[in-house]
Amino acid sequence: MDKFIINGGTPLRGEVQISGAKNAAVAIIPAAILAADKCILDNVPSISDVNVALEILADMGASIRRLNKSKIEIDTSCILDGRVSHDLARSTRGSSYFLGALLGRFKKAQVPLPGGCDLGSRPIDQHIKCFEALGAVTDLQHGIVDIRADKLIGTQIFFDKVTVGGTINALLACAMAEGLTIIENAAKEPHIVDLANFLNSMGADIMGAGTDVIKVKGVQRLHGTEYSVIPDQIEAGTFMVAAAATGGDITLTNVIPKHLEPITAKLRKMGVTVEIAKDNDNVRVIGTSRYEATDIKTAPHPGFPTDMQPQMTTLLTIASGTSMVTESIFDTRFKYVDELRRMGADITVDSRVAVVKGVPNLTGAPVKACDLRAGAALIIAGLAAQGTTEIEDIYHIERGYENMEIKLRNLGADIVKRQFDEEKLRKAL
Ligand code: EPZ
């Protein structure tokens with residue numbers, strides 16, 4: 001059981017390079033199945049969710065070669081089987097994208113229901129609705145989704161609610177369907193656009209990604225390609241908030257400032273200085289000693305991202321005044337609040353609304369990460385707090401942040417990863 005140990009109070013200073021986007025990479029890796037060919041992917045983050053996606057591919061017979069730290073060659077020509085094992089599927093949400101990709105190529109797929117962060121109910125009814133609209137028949141037995149189709153025929157798909165995963169699966173399933181598919185009420189996140197760009201680079205004909213209506217003209221086959229994944233908007237946002245919370249001054253490189261706009265706007269409103277370089281390829285964040293409270297309501301892109309809600313709530317705990325944070329995407333994304341309370345935060349939660357009363361400072365405490373972004377929020381809290389914070393269950397954090405503690409140490413933070421051997425500890429007691 002590994003832990004992060006943080007001695008808080010040091011302002012972050014220096015430059016940090018942002019890695020490739022987790023949520024784009026975990027969609028693009030299964031999409032490579034559709035090529036039945038070699039794809040070279042660059043700017044792939046080295047995180048455990050990506051490793052799981054690669055392991056699933058390797059399990060199916062794909063050959064995977066790491067060309068360097070962030071560059072991978074995937075050859076999916078030799079995949080024969082469209083099954084995903086229970087253990088691998090249950091560890092990430094992105095495993096559900098193998099449904100769309102396998103269905104698109106083989107017209108059949110068997111994938112156990114996905115896992116991922118526990119944020120409340122996370123059904124896949126909209127994904128299934130889309131596969132069925134394209135002509136597939138689905139069955140759920142023993143936790144495994146079984147889909148089959150004689151052929152996939154382009155159609156009109158209207159999502160009842162905006163869903164990132166549903167939109168990704170729709171793109172994967174209809175890229176090679178017969179005729180035109182129109183996806184309405186589509187998600188507009190940067191990683192949806194990235195997946196569409198990747199598929200187009202393989203020969204797909206997709207227009208409108210990034211708007212709420214996406215048109216896909218099915219093509220007969222796709223081919224291999226070379227593609228670079230976009231930078232991670234949420235990793236960047238997390239470092240921006242960490243710089244603000246510690247009163248630091250950092251420059252983020254390998255970012256797309258446009259993707260950071262909802263985060264930048266809120267930080268500026270609180271009194272954080274955010275400077276965007278003229279050539280648009282880096283962002284400088286200059287913190288101060290006290291911020292103004294503000295209200296936040298999460299919403300699908302281009303609204304404030306739910307994946308930045310825990311990190312921003314943490315910054316609000318040390319702002320002047322009272323803020324209201326409303327979570328509109330997931331049922332239970334405030335579980336980390338109990339941990340922040342251990343550190344002195346004054347937060348009350350009623351269903352999907354948190355009322356945050358700013359306190360002068362947080363104090364270090366032993367805490368537990370309950371999911372990926374909750375873990376990131378606790379790191380920010382630990383960096384800003386007086387004294388020592390020990391964070392348990394950091395495997396959640398390692399699912400989505402590449403070398404988080406190394407990047408923070410390079411910015412001057414006092415953070416180390418300790419490996420605790422539970423067995424040894426028990427014997428010593
Ligand atoms: C993706 O999850 C991300 N995961 C999440 O990233 C992110 O929080 C979320 O989108 C919202 O931006 C990946 O990309 C792997 P949704 P996803 O489908 O696809 C409901 C992170 O920290 N819904 O947009 O699961 C659902 O319950 C994470 O990196 C249905 O009702 O999100 C939720 O309330 C965690 N039926 C809402 O829609 C469906 O069929 C949005 O979910 C699908 C979704």
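Because only heavy atoms are used, hydrogens play no part in the values below, and waters and symmetry mates are left out as well, while side chains stay in. In listed order, ligands and their atoms are each counted from 1.
Residue Arg93 approaches ligand 1 through these ligand atoms, each under 4.0 Å from one of its heavy atoms: 25 (O). The distance from ligand 1 to the heavy atoms of Ser121 drops below 4.0 Å at these ligand atoms: 27 (O). Per-residue contacts place Tyr97 under 4.0 angstrom from the following atoms of ligand 1 (heavy atoms of the residue considered): 13 (C), 14 (O), 15 (C). Residue Leu119 has at least one heavy-atom neighbour below 4.0 Å for each of these atoms of ligand 1: 35 (C). Taking every heavy atom of Lys22 and a limit of under 4.0 angstrom, the matching atoms of ligand 1 come to 21 (C), 29 (O). Counting atoms of ligand 1 from 1 in the listed order, those under 4.0 Å from a heavy atom of Arg333 are 8 (O), 22 (O), 35 (C).
In this structure, the protein non-hydrogen atom closest to atom 26 (C) of ligand 1 is Phe330 CE2, 4.3 Å. Distance from atom 15 (C) of ligand 1 to its nearest protein heavy atom, with residue and atom name: Asn23 OD1, 3.5 Å. Counting only heavy atoms of the protein, atom 36 (N) of ligand 1 lies nearest to Asp125 OD1, 2.8 Å. Looking at atom 21 (C) of ligand 1, its nearest protein heavy atom turns out to be Asp307 OD2, 3.3 Å.
The number of heavy atoms from other shown groups lying within 6.0 Å of CG (Asp139) is above 12.
Of the polar atoms of Thr306, none of the N or O atoms is found under 3.5 Å from an N or O of ligand 1, judged by distance alone. For ligand 1, one of its N or O atoms has an N or O atom of Thr163 under 3.5 Å away. Considering both main-chain and side-chain atoms, Ile329 comes within under 3.5 Å of ligand 1 through a nitrogen or oxygen pair.
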Donor-acceptor list for residues 122-132 side chains, cut-off 3.5 Å, not counting sequence neighbours:
from, atom 1, to, atom 2, distance (Å)
Arg122, NH1, Cys117, O, 2.9
Gln126, OE1, Asp160, N, 3.0
Gln126, NE2, Asp160, OD2, 3.2
His127, ND1, Asn169, ND2, 3.0
His127, NE2, Gly166, N, 3.3
Lys129, NZ, Phe158, O, 2.6
Lys129, NZ, Asp160, OD1, 2.9
Glu132, OE2, Thr138, OG1, 2.5

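The salt bridge (charged side-chain N to carboxylate O under 4.0 Å, His left out) with Glu235 is formed by just one residue from the set Arg373, Lys407, Lys22; it is Lys407. A side chain to side chain contact (heavy atoms under 4.5 Å, CB included) with Ile147 is found for exactly one of Leu102, Leu134, Val137, Leu103, namely Leu103.
If you check the side chains of Thr238 and Gln311, you find a donor sitting under 3.5 Å from an acceptor. Between Ser77 and Asp75, the side chains place a donor N or O and an acceptor N or O closer than 3.5 Å (distance only, hydrogens not considered). Side-chain contact, Asp194 with Tyr227: a donor N or O sits under 3.5 Å from an acceptor N or O.
With a 4.0 Å heavy-atom cut-off, ligand 1 is reached by no atom of Gln309. Residue-level proximity to ligand 1 for Lys161 is carried by the side chain, the only part with a heavy atom below 4.0 angstrom.
We find that Asp49 and Arg399 are joined by a salt bridge, their nearest charged nitrogen and carboxylate oxygen being less than 4.0 Å apart. Using a 4.0 Å cut-off between charged nitrogen and carboxylate oxygen, Arg352 and Asp331 count as a salt-bridge pair. Contact check on Asp295 versus Lys297 returns no salt bridge, with no Lys/Arg side-chain nitrogen under 4.0 Å from an Asp/Glu carboxylate oxygen. Using a cutoff of 4.0 Å between basic side-chain nitrogens and carboxylate oxygens, Glu405 and Arg418 are not scored as salt-bridged.
Of the options Val164, Ile124, Asp160, the smallest heavy-atom separation from atom 12 (O) of ligand 1 is shown by Val164. Among His396, Gln126, Arg122, Arg373, the residue whose heavy atom lies closest to atom 2 (O) of ligand 1 is Arg122. Of the listed options Pro123, Ala376, Gly165, Ala299, Pro123 places a heavy atom closest to atom 43 (C) of ligand 1.
Between the CD atom of Gln141 and the CD1 atom of Ile144 there is a distance of 9.5 Å, given to the nearest 0.5 Å.
Using a 4.0 angstrom heavy-atom cutoff, Ala187 does not count as in contact with ligand 1.
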